[in-house]
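In what follows, a single structure is set out as structure tokens and then discussed.
Computation of the quantities below employed the complete heavy-atom set of this structure, encompassing side-chain atoms and omitting hydrogens, waters and symmetry-equivalent molecules. Every chain is numbered from 1, with letters handed out A, B, ... down the list of sequences. The model shown is predicted, which means the values in this text are computed figures rather than measured ones.
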There are 2 protein chains.
Amino acid sequence: MNKSDKQPTINDVARVAGVSKKTVSRVINRSPLLKLDTREKVEAVIAQLGYVPNPQARALALRRNFLLGLLHDNPNAQTVLNFQEGVLDAIRDTEFALVVRPVDRHSPGMLDDIRNFLELQRLYGVLILPPISEDDELAALCRDMGCGYVRMGSAALDEAEHLVQSNDRQMVEGVVDYLVEQGHRRIGLIEGPVGFRSAFERREGFLSAMRRHGLDVPQDAIVPGNYRFNSGVEGADRLLSVEPRVTAVFASNDEMAAGAYHAARARGVEVPRDFSIVGFDDSPIAAHIWPPMTTVGWPIRQMGKAAALKLVAPDMADARPSCFPARLVTRSSVAPPAKEI
Amino acid sequence: MNKSDKQPTINDVARVAGVSKKTVSRVINRSPLLKLDTREKVEAVIAQLGYVPNPQARALALRRNFLLGLLHDNPNAQTVLNFQEGVLDAIRDTEFALVVRPVDRHSPGMLDDIRNFLELQRLYGVLILPPISEDDELAALCRDMGCGYVRMGSAALDEAEHLVQSNDRQMVEGVVDYLVEQGHRRIGLIEGPVGFRSAFERREGFLSAMRRHGLDVPQDAIVPGNYRFNSGVEGADRLLSVEPRVTAVFASNDEMAAGAYHAARARGVEVPRDFSIVGFDDSPIAAHIWPPMTTVGWPIRQMGKAAALKLVAPDMADARPSCFPARLVTRSSVAPPAKEI
DNA sequence: TTGTAAGCGTTATCAC
DNA sequence: GTGATAACGCTTACAA
């Protein structure tokens with residue numbers, strides 16, 4: 001239908017529609033100062049020809065690529081993938097694509113690496129997952145480089161347009177409420193890594209709810225962790241070795257909670273009869289471990305979608321909300337504590 | 001140092017080096033017909049100016065982007081992420097970036113979607129993960145569109161330059177050997193989904209090893225599955241309900257193997273004392289479930305790296321191998337069978 | 001409201 | 001071997 005079978009270009013559209021390429025360009029870019037019938041005429045030709053603007057050419061002219069970047073330092077795999085799916089929900093059927101960029105937050109060159117990356121790829125914007133989303137220098141870098149960004153975090157790290165937030169603190173309060181409701185009084189906490197905002201928020205939620213219930217939190221009912229499985233094993237082991245024993249534990253994520261299962265099993269402590277466990281994330285392991293784990297699930301995919309929309313279509317309704325409520329997923333790892341003898 | 005603080009362009013290099021831009025271009029593209037000292041002179045200027053070619057401009061001129069695409073339909077999350085890491089290992093410090101594209105193999109429009117995607121983004125090449133890597137139409141599409149591709153698969157799906165392969169069949173034979181060595185004679189199989197090459201290979205490996213050992217595989221020792229947790233629960237449940245019971249099972253992936261743990265536990269069957277379980281993938285759950293699972297681990301990250309190198313640097317040594325041997329990761333889910341009474 | 005001309009930073013063509 | 005010059009497909013002045 002067209003000369004050769006190459007993709008039609010803006011020139012083809014202009015020629016067929018009998019207008020200049022600039023006018024076609026205006027149609028593509030939704031310029032407001034166009035006569036309605038010109039626009040319609042051009043749109044008809046675009047549809048007829050099946051014309052799609054070439055992103056490479058636009059990228060060159062605009063000095064900005066139609067690419068969204070996903071910056072992360074390896075939170076858990078399912079989180080990253082769910083977030084990716086959400087981003088894809090947002091950019092499906094658009095010219096945008098998603099490029100992924102794992103980074104190493106322990107490398108001193110991280111910021112420079114990212115600068116080079118942004119400079120080279122000229123991304124439209126980046127989405128930053130925790131924990132590096134908490135790095136204000138990184139956000140400043142994006143701002144300086146004129147690269148859009150949205151951070152995902154568990155606190156109000158930034159302005160609404162740059163943030164999708166989960167309400168970790170409040171959710172953990174809910175976890176404690178639930179455990180107390182089940183009759184628990186001595187509840188332990190396995191913390192997340194020092195320096196992680198999410199870990200901080202979860203601990204604060206835990207402490208404030210315990211306080212609200214008038215419950216004591218002895219020093220040794222709080223043990224450190226680093227979000228890794230092994231730290232959950234060790235943490236729970238310490239918790240289970242002091243008397244009087246806690247009857248329940250909140251682990252700051254599922255992986256550590258799974259570790260707590262191990263520690264319990266190794267000591268012959270039965271979950272949930274002797275020891276109730278609650279995790280955080282609702283990752284696959286929570287559903288697959290035995291007994292199935294009660295945990296906090298957050299809408300990562302929606303957050304991914306909203307984050308991407310904040311960049312590519314800031315006025316869409318779905319781009320608005322910045323806070324995404326998590327919910328308690330009750331399964332079978334919590335039971336009322338055994339009667340004291 | 002330069003006029004304004006923009007990135008230097010090829011023109012700046014040409015001017016400072018006192019050559020034409022085409023010559024600089026030749027240096028960048030390693031054209032062989034250049035005088036050595038011209039090349040060295042230009043290279044010195046490039047280094048001095050910190051010049052980096054602009055990928056957007058190259059993309060426009062070459063009608064091909066410096067992007068690698070990762071096409072997958074959601075195998076497990078850890079697999080995808082490990083593969084991504086491998087790809088990143090390959091393209092770190094190059095101008096390439098990785099764009100991800102989850103697809104839905106059940107959608108009738110999948111192929112058209114992918115065609116549009118390739119047409120629009122003009123990818124340098126794509127990496128295709130199983131199960132869609134097994135789709136020959138998809139490979140043909142890439143070929144037609146002049147888009148490089150490498151498939152990851154569990155069989156010789158394609159020529160070496162388009163393939164990174166794992167030796168599933170052989171590995172599963174090894175699993176059976178191991179179980180037999182431990183004393184098992186009645187061994188069950190939970191299959192993967194019909195139509196998946198990996199599922200086929202794993203079954204064939206199982207059957208051929210059993211045959212080699214002269215062991216009988218009754219009809220009801222093979223149960224269907226779909227790589228999902230629940231099918232593992234159901235499959236193992238069926239296996240455990242027929243007499244004489246199998247003493248061990250090979251589940252075609254870890255997720256189903258985890259399901260088998262559940263089924264056993266629900267019936268009061270103890271793993272591994274009464275029932276040995278072996279999975280496939282060495283996904284995180286294998287290490288985190290109790291007792292830790294014996295499984296087959298394959299070098300996904302290296303495969304990702306090799307796959308990417310086949311596209312971007314086909315002559316590098318690391319790009320050569322097409323077959324990547326997996327290995328048995330022995331943990332605690334296998335024990336000799338209880339003595340018959 | 002629309003069109004013209006000049007880029008954006010590279011590579012391809014084809015002389016020299 | 002090397003260098004003008006014209007693409008590549010779009011956008012941004014600036015004119016009309």
Within the modelled atom types, does a donor on one side and an acceptor on the other bring the side chain of A:R26 and the base of C:dG3 under 3.5 Å apart? yes

Given atom CZ of B:R63 and atom P of C:dT11, what is their separation to the nearest angstrom? 12 Å

So if I take every side-chain heavy atom of B:L33 and compare against D:dT2, D:dC10, C:dG9, which nucleotide ends up nearest? D:dT2

Atom CD1 of A:I10 and atom P of C:dC8: how far apart are they, to the nearest Å? 18 Å

Nearest to side-chain heavy atoms of B:R58, which nucleotide of C:dT10, C:dG3, D:dT11: C:dT10

Nucleotide D:dG1, atom P - distance to CG of B:L36 in whole Å: 11 Å

When all nucleic acid strands are considered with a 4.0 Å heavy-atom cut-off, which category describes B:P55: base, sugar-phosphate, or nothing? nothing

At under 4.0 Å between heavy atoms, what does B:L34 touch on the DNA or RNA strands: base, sugar-phosphate, or nothing? sugar-phosphate

Inspect the surroundings of CD in A:E159 and state if more than 12 heavy atoms from other residues, nucleotides or ligands are less than 6.0 Å away. yes

Record whether the side chain of B:R39 comes under 3.5 Å of the base of D:dG1 through a donor-acceptor pair of N or O atoms. no

Is the phosphate of C:dT2, meaning OP1 or OP2, less than 4.0 Å from a side-chain N or O of A:T38? yes

How many whole angstroms separate atom NZ of B:K21 from atom C1' of C:dT13? 14 Å

For side-chain contact (heavy atoms from CB on, under 4.5 Å), just list the numbers for B:S322 and B:K310, CA-CA rounded to whole Å, side-chain angles, deciding distance to a tenth of an Å, and then say yes or no. CA-CA 10 Å; B:S322 281; B:K310 274 171 196 266; 2.9 Å; yes

Specify the separation, in whole Å, of atom CG of A:D37 and atom P of C:dT1. 11 Å

Nearest-nucleotide pick for B:S20, side chain only, options being C:dT11, D:dA4, D:dC10: D:dA4

When you check the phosphate oxygens OP1 and OP2 of C:dT2, does a side-chain N or O of A:T23 lie under 4.0 Å from one of them? no

Here's a test of your reading of the structure: between A:Q56 and B:K35, which maps to the more 5' nucleotide of DNA chain D? B:K35

Checking the side chain of B:E161 only, and the main-chain atoms of B:R320 only, is there a donor and an acceptor separated by less than 3.5 Å? no

For the pair A:Y149 and A:H162, name the ring-plane relationship: parallel under 30°, tilted 30 to 60°, perpendicular over 60°. parallel

A:Q7 CD to D:dC8 C1', straight-line distance once rounded to whole Å: 14 Å

Closer to the 5' end of DNA chain D via nearest nucleotide, is it B:K22 or B:L60? B:K22

Would you mind telling me which of C:dT10, D:dT11, C:dG3 lies closest to the side-chain atoms of A:N29? D:dT11

Spacing between B:F66 atom CZ and C:dG9 atom P, to the nearest angstrom: 17 Å

Which whole-number value in Å describes the distance from A:L49 CG to D:dG9 P? 14 Å

Within the side chain of A:N29, is there an N or O that forms a donor-acceptor pair under 3.5 Å with the backbone of A:S31? no

